[in-house]
Amino acid sequence: DDCLSVYATIVNYQGGSEHIYARDCVLINDAGHAIMSGIHGNPHGDDVIHDLRFENLNVVDSKCQYADYQGVIGLNVGNDVLIEDVVCRDIRLENIRLNQLFNLRVFYNPVYCETAGRGVRRVRIEDVRYTGDYTGHIEPSRIAGDNEERLVEDIVFRHIVLNGAVCRSLEEAHILV
């Protein structure tokens with residue numbers, strides 16, 4: 001399932017999460033995300049997940065057959081959670097059997113949420129290199145807000161490389177907005 005998960009309110013923990021750093025990891029996910037944050041929080045509350053850094057990671061294998069749960073890097077906010085100030089840097093992806101590279105969404109998922117999230121903002125994703133078989137295995141990445149008030153905004157992609165080709169646009173990186 002998910003490898004590195006950062007949540008807000010869940011079960012016996014109340015409140016947001018901040019200053020979380022994960023470095024120098026090797027990850028394998030077989031049913032979800034290598035990096036996941038945002039789905040759990042206090043519905044109708046004000047939980048914030050703030051200042052996350054994921055650096056120098058090797059994702060050696062990734063698979064997720066369920067479209068609503070895809071994204072090697074997934075920042076999916078529900079339950080009125082706000083995610084802000086996230087850096088994902090120096091990430092190497094070796095094999096994706098079925099998944100999206102990135103999934104940044106504000107959404108309402110009735111399985112886990114009572115409400116949509118409040119937003120995803122100020123995210124930098126840089127120096128991401130994919131070296132596996134690209135054809136037929138990677139679904140287009142998604143960036144989507146819920147409405148005009150619950151947005152995904154101020155997102156920067158820099159130096160995304162797919163099998164040696166530097167992506168110079170969202171289209172080249174197969175990212176749908």
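Heavy atoms only, all atoms of each residue included: Ile125 and Ile160 are closest at O-CD1, 4.0 Å. The shortest heavy-atom contact between His19 and Asp51 is ND1-OD2, 2.6 Å. Across all their heavy atoms, Gly119 and Val106 have their closest contact at CA-CG2, 3.6 Å. Taking every heavy atom of both residues into account, Leu82 and Val120 meet most closely at CD1-N, 4.5 Å. For Ala8 against Gly41, the heavy-atom pair with the smallest separation is CB-CA, 4.0 Å. Among all heavy-atom pairs drawn from Glu139 and Leu98, the shortest one is OE2-CD1, 3.5 Å.
By the neighbour-count criterion of 12 heavy atoms within 6.0 Å, atom OH of Tyr21 is densely surrounded, having more than that number from other residues, nucleotides or ligands. Applying the 6.0 Å contact sphere to CD of Glu153 captures more than 12 heavy atoms from other residues, nucleotides or ligands.
Here Asn103 contributes atom CG and Ser141 contributes atom OG; the two are 7.5 Å apart, rounded to the nearest 0.5 Å. Here the straight-line distance linking atom CG of Leu57 with atom CZ of Phe54 works out to 8.0 Å at 0.5 Å rounding. If you take CG on Leu170 and CD1 on Ile143, they are separated by 6.0 Å, rounding to the nearest 0.5 Å. Remark: Tyr112 OH to Asn76 CG distance equals 11.5 Å, nearest 0.5 Å. Note that CZ of Arg105 is 10.5 Å distant from CG of Asp146, once rounded to the nearest 0.5 Å. In this structure, the separation between CD on Glu55 and CD on Glu126 is 8.5 Å, given to the nearest 0.5 Å.
Looking at Ile96 and Leu101, their side chains come closer than 4.5 Å, going by heavy atoms from C-beta outward. Annotation: side chain of Leu75 is in contact with side chain of Val86 (closest heavy-atom distance under 4.5 Å). Between Ile20 and Glu18 there is no side-chain heavy-atom pair separated by less than 4.5 Å. With contacts defined as side-chain heavy-atom distances shorter than 4.5 Å, the pair Cys167/Leu162 qualifies.
For the side chain to side chain donor-acceptor pair (under 3.5 Å) test with Arg92, the passing option among Thr131, Asp127, Asn58 is Asn58; the others fail.
Leu52 and Ile39 fall into different hydrophobic clusters, where Ile, Leu, Val, Met, Phe, Trp and Tyr residues are linked whenever their side-chain heavy atoms come under 4.5 Å apart, directly or through other members. Taken together through direct or relayed side-chain contacts under 4.5 Å among Ile, Leu, Val, Met, Phe, Trp and Tyr, Ile10 and Val111 form part of one hydrophobic cluster. Tracing side-chain contacts under 4.5 Å through hydrophobic residues (I, L, V, M, F, W, Y), one never reaches Val26 starting from Ile91; they form parts of separate clusters.
In this structure, Asp2 contributes its side chain and Leu4 its backbone to no donor-acceptor pair below 3.5 Å. Although no hydrogens or angles enter the test, the distance criterion places no donor-acceptor pair under 3.5 Å between the side chain of Glu84 and the main chain of Arg121. The closest donor-acceptor contact from the side chain of Asp80 to the backbone of His44 lies under 3.5 Å. The backbone N or O of Gln100 lies less than 3.5 Å from no partner atom in the side chain of Arg142, so there is not a single donor-acceptor pair. Checking side-chain atoms of Arg53 against main-chain N and O of Val87 turns up no donor-acceptor pair under 3.5 Å. For Asp85 (side chain) and Val123 (main-chain N/O), no donor-acceptor pair under 3.5 Å exists by modelled atom type.
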query = side chain to side chain contact (heavy atoms under 4.5 Å, CB included) between Tyr130 and Val72: does it pass, once the steps are laid out?
reply = CA-CA 11 Å; Tyr130 178 69; Val72 174; over 6 Å; no
task = Quick one: do Arg118 and Asp46 satisfy salt bridge (Lys or Arg N to Asp or Glu O under 4.0 Å)? Show the steps, please.
result = CA-CA 9 Å; Arg118 293 196 328 259; Asp46 60 357; 5.7 Å; no
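Side chains of Asp47 and Asn42: no donor on one and acceptor on the other come within 3.5 Å. In the model, Arg89 has no side-chain atom that pairs as donor or acceptor with a side-chain atom of Asn56 under 3.5 Å. Side-chain N/O atoms of Asn99 and Arg97 include no donor and acceptor closer than 3.5 Å.
Every residue two or more places apart in sequence or in another chain was checked for a side-chain hydrogen bond (donor to acceptor under 3.5 Å, both in side chains) with Asn79, and none qualifies.
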N/O donor to acceptor pairs below 3.5 angstrom from side-chain atoms of residues 27-37, sequence neighbours left out:
residue: Asn29; atom: OD1; partner: Ser62; partner atom: OG; Å: 2.9
residue: Asn29; atom: ND2; partner: Gly32; partner atom: O; Å: 2.5
residue: Asn29; atom: ND2; partner: Ser62; partner atom: OG; Å: 3.4
residue: Asp30; atom: OD1; partner: Asp1; partner atom: N; Å: 2.9
residue: His33; atom: ND1; partner: Gly71; partner atom: O; Å: 2.6
residue: His33; atom: NE2; partner: Tyr69; partner atom: O; Å: 3.1
residue: Ser37; atom: OG; partner: Val6; partner atom: O; Å: 2.8

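Within the structure, every pair that satisfies the ring pair (Phe, Tyr, Trp, His ring centres under 6.0 Å) test and touches residues 72-108, not counting sequence neighbours, is listed here: Phe102-Phe157.
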